[in-house]
Undergrad: 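Provided herewith is a single structure, encoded as structure tokens, for subsequent inquiry.
The structure presented is a predicted model; accordingly, all values stated were derived computationally and were not measured. A note on names: the letters A, B, ... follow the listed sequences, proteins ahead of strands, and every chain is numbered from 1.
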Amino acid sequence: MLKILKYSFFDLMRSRWSYVYFAFYLLLGVVLLFLNNDLSKAIITLMNIIIILVPLIGTVFGVMYYYNSKEFTELLLAQPLKRSSIFLGQYLGVALSLSMSLILGLGIPFVIYGLFKSNAIWDFSLLLLIGGFLSLIFTALAFNITLSNDNKIKGVGYAILLWLFLAIIYDGIFLMSLILLEAYPLDKLSLAGTMLNPIDLSRILILLKLDISALLGYTGAVFKQFFGTGLGLIVSFLMLITWVAAPLARIIYVCKRKDF
Amino acid sequence: MKHYRIHYILLALTILSVRGYSQNLQVCNGCHISSIKQAIAMANDHDSILVKQGTYKEYGILVDKPVTIVGENYPIIDGELKGEIITVVSDSVTVEGLHIMNVGTSYTEDYAAIRIKKSKHFVVENMVLENLFFGIYLEKSNFGKIAHNKIIGDAIQEYNSGNGIQLWYSNYVDVEHNYIKQVRDGIYLEFSDHCKIKNNVSEANLRYGLHFMFSNHDLYEDNTFRNNGAGVAVMFSKHIKMFNNSFKENWGTASYGMLLKEINDSEIIGNSFEENTTGIHIEGSNRIRYRNNDFVKNGWAIKVRGACYDNQFLENNFLYNSFDISYNSNVNDNRFDRNYWSNYTGYDLNKDGIGDVPHRPVKLFSYVVNRTPETIILLRSLFIDIIDFSEKVSPVFTPDNLLDNNPLIKRL
């Protein structure tokens, strides 16, 4: 598996798209710092961008990579190699190279700007951690889509639909259902609804940092316990880990049974 | 000879009377006078009583003559939780430099460390009050000064705790440079007009940092109210001036930087509201001018409830609040002009420092959150940004005349 990981990783490192992705984040970091002149404000803006962009790039990149390297995958499948290690190796190669572009692209301008001397370092670490998690989650989801769809057009379509659903449509449905059910106690429903969407989950982690004063404005006891203590942070991270583990389990399950 | 004798007698009398006029009584543990009560009983009008360092177990000290009581190196007056400690019933009394502790708690009487009753021209200065029920309690007392006191309570529950500084029917009182911590209400005013509350710090109180009702023509300047159970409440008063105060970190569901209820014709200028759940909560308040205030990182900078007319919000900074303004109806009779909004998205082509596009500070989402509070969990979601944007283009739910026509490009 490690060998395949290494191969995928370096293959991607050599590819143009990794550089474009890296350059994009580098530019974003530099421009934000240049315009804001303020580390913590730049971090707030970045958080908003990251929870939307990283999933989009993760899904599209994952789908593209799988379809492009399909022939090579089939070649590997002919070798005496474990199927799970082939796919996991490829998956990790993509996800890690995406995370690396993100971390380096954003990290370099912030470090140059004096991150280590400021107290924004924890916020920034949280930002990178969330970015990393989102890369892992959405690449895994992308691999799930491609393993179930051999048709390239269909696969890409589903991937974009998935992103659109989780980033925008889900929140719309969520909001409507909260308003429709407003006569009932909604604390638990709203928290559960958040947990079921990795983008919302990341948003909550950010809210815990940024808007804690607004979140505490709501009377619910469940909310208060969740947001007012470390519980919110712990539960959110556990859910993020589950969100990585569950699609991975399905990758292993499907690839073992799939007829290539 | 006889002539001389008369002269001597007169001289002696003069000396005696001068001595009598500014007699200085000393109180210390091993002295001839070993308690403050004893000293007051022996003192004449306008005497001063010097209390030396030591511990005095006394309570129910009644000051019924115009005397000055001064503590040297903060002598401790321990009430042993038996009741009220000092009660002043005379005009022109000065109490300073004492360390008073262990005031009794009662459910029928408001025991205070120092109570001033129907007196004028009093001064309470440099006191340290600890383990108390009520701290300094003014009752129908006018023209006084409460300054440089440190009041540290240990209140845990509202029903069995008292207020730090309480003014009741007391006019023309200056309350300055006091530090008040962990009591029920830090500073409480009721029916007290023309008072000046300046440079005080009131923090970690169970209920309000500052609480006033039915008190008109008062001035509040340079105070800091931090981390109080419910922030600051200002109710049923007129002609109030609040300048350069700072309201910080009042977190909780019913916690406000400042709660205004039925306040009319007042001025709120140069204050800063930082990291409160609600910066200012306004209800039934008319003709108030808000100027040069900073609202930074609050959940809601300003929450406007019913019956608020003709208020003016001019030249304030709204920085990184989750919601800048929230209304619960779509009627607006208040004016917003020349404010700086950190989430203003317009441009300034003619470079005059004023945005060319009017700013709409009320978001649709704040309306939704008003209706269904749980939706707060969708804050900063892309979907919410999209519906906010569409509401901005054509307002339906939010007041359509609520605009800042001259939003500033740079913060003030």
Side-chain angles (χ1 to χ4, degrees), chain A residues 36 38 40-41 44-45 47-49 51-53 55 164 166-195 197 199-200 202-204 206-207 210-224 226-228, chain B residues 227 231 247-257 273-279 281 295-301 303 319-324 326 342-343 345 363-390 397 410-411:
Chain A
N36 282 321
D38 179 8
S40 31
K41 205 182 155 193
I44 293 172
T45 317
M47 281 178 164
N48 285 327
I49 294 173
I51 55 171
I52 299 303
L53 265 188
L164 205 62
L166 288 179
I168 302 171
I169 301 168
Y170 184 89
D171 285 354
I173 298 169
F174 191 14
L175 181 67
M176 286 316 293
S177 54
L178 285 180
I179 290 175
L180 286 177
L181 297 172
E182 68 183 347
Y184 301 92
L186 292 173
D187 306 31
K188 284 177 184 156
L189 177 73
S190 54
L191 283 180
T194 313
M195 294 296 150
N197 180 347
I199 295 181
D200 277 354
S202 316
R203 199 168 42 76
I204 283 297
I206 293 165
L207 288 187
L210 297 183
D211 294 279
I212 187 74
S213 45
L215 289 172
L216 286 175
Y218 172 64
T219 359
V222 179
F223 260 41
K224 193 158 246 173
F226 189 79
F227 291 121
Chain B
N227 192 18
F247 303 83
K248 272 187 191 166
E249 292 157 31
N250 299 297
W251 284 4
T253 44
S255 190
Y256 314 101
F273 299 85
E274 267 177 65
E275 293 181 52
N276 304 294
T277 298
T278 307
H281 182 104
F295 298 89
V296 188
K297 290 187 192 163
N298 299 292
W300 285 261
K303 229 181 203 174
L319 307 169
Y320 330 120
N321 301 298
S322 304
F323 300 100
D324 286 334
S326 145
S342 66
N343 55 8
T345 46
K363 291 180 187 169
L364 173 63
F365 187 48
S366 77
Y367 174 85
V368 173
V369 171
N370 263 333
R371 231 185 94 168
T372 320
E374 290 86 353
T375 51
I376 186 79
I377 205 148
L378 288 166
L379 187 68
R380 284 183 201 273
S381 148
L382 186 59
F383 181 77
I384 298 299
D385 291 347
I386 292 169
I387 62 165
D388 275 344
F389 179 75
S390 59
F397 298 100
K410 285 214 166 86
R411 70 175 283 188

Undergrad: Say you draw a straight line from CG of A:L175 to OG1 of B:T372; how long is it, rounded to the nearest 0.5 Å?
TA: 8.0 Å

Undergrad: If I take atom OG from residue B:S381 and atom CD1 from residue A:I204, how far apart are they, to the nearest 0.5 angstrom?
TA: 10.0 Å

Undergrad: Check whether A:L178 gets within reach of chain B through its side chain, its backbone, both or neither, counting any heavy atom under 4.5 Å.
TA: both

Undergrad: Which atoms of B:V369 come close to chain A, meaning under 4.5 Å heavy atom to heavy atom: side chain ones, backbone ones, both, or neither?
TA: neither

Undergrad: Within the structure provided, determine whether B:T375 and A:F174 are in side-chain contact (heavy-atom separation under 4.5 Å).
TA: no

Undergrad: For A:I169, is it the side chain, the backbone, both or neither that has a heavy atom under 4.5 Å from a heavy atom of chain B?
TA: neither

Undergrad: Which bit of A:I168 is near chain B, if near means a heavy-atom gap under 4.5 Å: side chain, backbone, both or neither?
TA: both

Undergrad: Could you look at A:S190 and say if it's the side chain, the backbone, both or neither that has a heavy atom under 4.5 Å from chain B?
TA: both

Undergrad: When rounded to the nearest 0.5 angstrom, what distance separates CG in A:D187 from CD in B:E374?
TA: 6.0 Å

Undergrad: How long is the straight-line distance from CG of B:L382 back to CG of A:N48, given to the nearest 0.5 Å?
TA: 9.5 Å

Undergrad: Look only at the side chain of A:R203 and the backbone of B:L379, and say whether a donor-acceptor pair between them is shorter than 3.5 Å.
TA: yes

Undergrad: Would you compute the distance between atom OG1 of A:T194 and atom CG of B:L378 and round it to the nearest 0.5 angstrom?
TA: 7.0 Å

Undergrad: Among A:I179, A:I51, A:I199, which residue forms the greatest number of heavy-atom pairs with chain B at distances under 4.5 Å?
TA: A:I179

